[in-house]
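Encoded as structure tokens, the structure appears first; notes follow it.
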Amino acid sequence: MRPAREFFARDSVDLGPLLLGAVISHDTDEGRVSVRLSEVEAYRGVGEDPGSHAFRGRTPRNTVMFGAAGHLYAYFTYGMHVCLNVVASEPGHSAAVLLRGGTVVEGIELARRRRAGASDRDLARGPARLAVALGVPLSASGADLLVPPFELRVLEQPLPFEAGPRTGVSGAGGGAAFPWRFWVAGEPGVSVYRRHARSHD
DNA sequence: ATACGGATTGTCT
DNA sequence: GACAATCCGTATA
């Protein structure tokens, strides 16, 4: 089903699992690519989640996290990668769900071109890879995911899922204190867990 | 104005 | 398993 905006206006930790099995589509003049999500991570807001971009309050970058649910929060990181989030929670709050991985279910030829050299399994397996496969640029941050060129369909019946520590989050936001990484067991689109370089102590 | 490090990935060992 | 790539956002002065 294509959910109404209220569907996204809830705690990101609750929304995350509901996005597993959902299909996100993006249209460009090159065509449509759709990805079925198999892994996500929840981030909460101001003062409550040290791993969140919104932890220290509103800034130019994270402003869209404070806006309406169901919009796209895209950010640039490591000097070269774009990652995508679905904004959750309600206006004035700030929370989002990071799309960490999935499998391409439509437009696989276009996705292969965008991810030249990657195996089919790796096309959208990982947050930055997923953004490339879908062809979503950083400039799309703030876009409403409920209207074209995006489409988001979720399952009527939520899938069983597993939860664990978030990947790549260092410091107080990492580790078992925030087990807000959610994935569908056995799905090929689940990324390899790589402990953050700085979590070795 | 400057310094630091990152919600990652690909390549090499 | 280890490391480089690469540049923007944020904090500090």
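- Using bins of under 30°, 30° to 60° and over 60° for the plane-to-plane angle, the ring pair A:Y73/A:H53 lands in the perpendicular bin.
- A straight line from CE of A:M80 to P of B:dG6 spans 14 Å, rounded to a whole angstrom.
- Side-chain atoms of A:N62 come within 3.5 Å of backbone N or O of A:G57 as a donor-acceptor pair.
- Following rounding to the nearest Å, A:Y78 (OH) and C:dC3 (P) show an atom-to-atom distance of 15 Å.
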Output one line per pair: protein atom, nucleotide atom from nucleotides 11-13 of chain C, and distance, for all N/O pairs under 3.5 Å.
none

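- With respect to A:R166 and A:E41, no salt bridge is recorded, no charged nitrogen being found less than 4.0 Å from a carboxylate O.
- When rounded to the nearest whole Å, the span between CG of A:L98 and P of B:dG6 equals 16 Å.
- Put simply, the side chain of A:R114 gets close to the backbone of A:L134: a donor and an acceptor are under 3.5 Å apart.
- With contacts defined as side-chain heavy-atom distances shorter than 4.5 Å, the pair A:V33/A:H26 does not qualify.
- At the phosphate of B:dT8, neither OP1 nor OP2 sits under 4.0 Å from any side-chain N or O atom of A:T167.
- Side-chain contact between A:F182 and A:L19 is absent, with no heavy-atom pair separated by less than 4.5 Å.
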So what is the 5' to 3' dot-bracket string for DNA chain B, if pairs are Watson-Crick or G-U wobble with both distances under 3.5 Å, crossing pairs use [ ] and | means the partner sits on another strand? ||||||.|||||.
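- The nearest whole Å value for the distance from the CZ atom in A:F76 to the C1' atom in C:dT10 is 15 Å.
- One can place CZ of A:R166 at 14 Å from C1' of B:dG6, the figure rounded to the nearest angstrom.
- Straight-line distance from the CZ atom of A:R44 to the P atom of B:dA7: 19 Å, rounded to whole Å.
- Side chain of A:R115 to main chain of A:A111: no donor-acceptor pair is present (N/O by atom type, distance under 3.5 Å, no hydrogens or angles).
- Using atom C1' as the reference point in both B:dG5 and C:dC3, the two lie 16 Å apart (nearest Å).
- Note on A:H53: a side-chain N or O is less than 4.0 Å away from OP1 or OP2 of B:dA7.
- To the nearest angstrom, P of B:dA7 lies 9 Å from OH of A:Y73.
- Side-chain N or O atoms of A:S34 include none that pairs as donor or acceptor with a backbone N or O of A:V105 at under 3.5 Å.
- Using a distance-only test at 3.5 Å, with no hydrogens or angles considered, no donor-acceptor pair links the side chain of A:R61 to the main chain of A:Y75.
- Contacts between residues 106-144 of chain A and DNA chain B, defined by a heavy-atom separation below 4.0 Å, involve A:R115, A:G126, A:P127, A:A128, A:R129, listed by number.
- Partner of A:L84 under the side chain to side chain contact (heavy atoms under 4.5 Å, CB included) criterion, out of A:I24, A:L138, A:L130: A:L130 alone.
- Put simply, the side chain of A:V64 does not reach to within 4.5 Å of the side chain of A:L72, judged on heavy atoms.
- For A:R61, counting side-chain heavy atoms from C-beta on, the closest listed nucleotide (C:dT10, B:dG6, B:dT9) is C:dT10.
- Stacking of the aromatic ring of A:Y75 onto the base of B:dA7 is not found under the criterion of centres within 5.5 Å and planes under 30°.
- Looking at A:V97, A:L145, A:V86 one by one, the single match for side chain to side chain contact (heavy atoms under 4.5 Å, CB included) with A:F8 turns out to be A:V86.
- Summarising the geometry, the separation between CE on A:M65 and C1' on B:dA7 is reported as 10 Å, rounded to the nearest angstrom.
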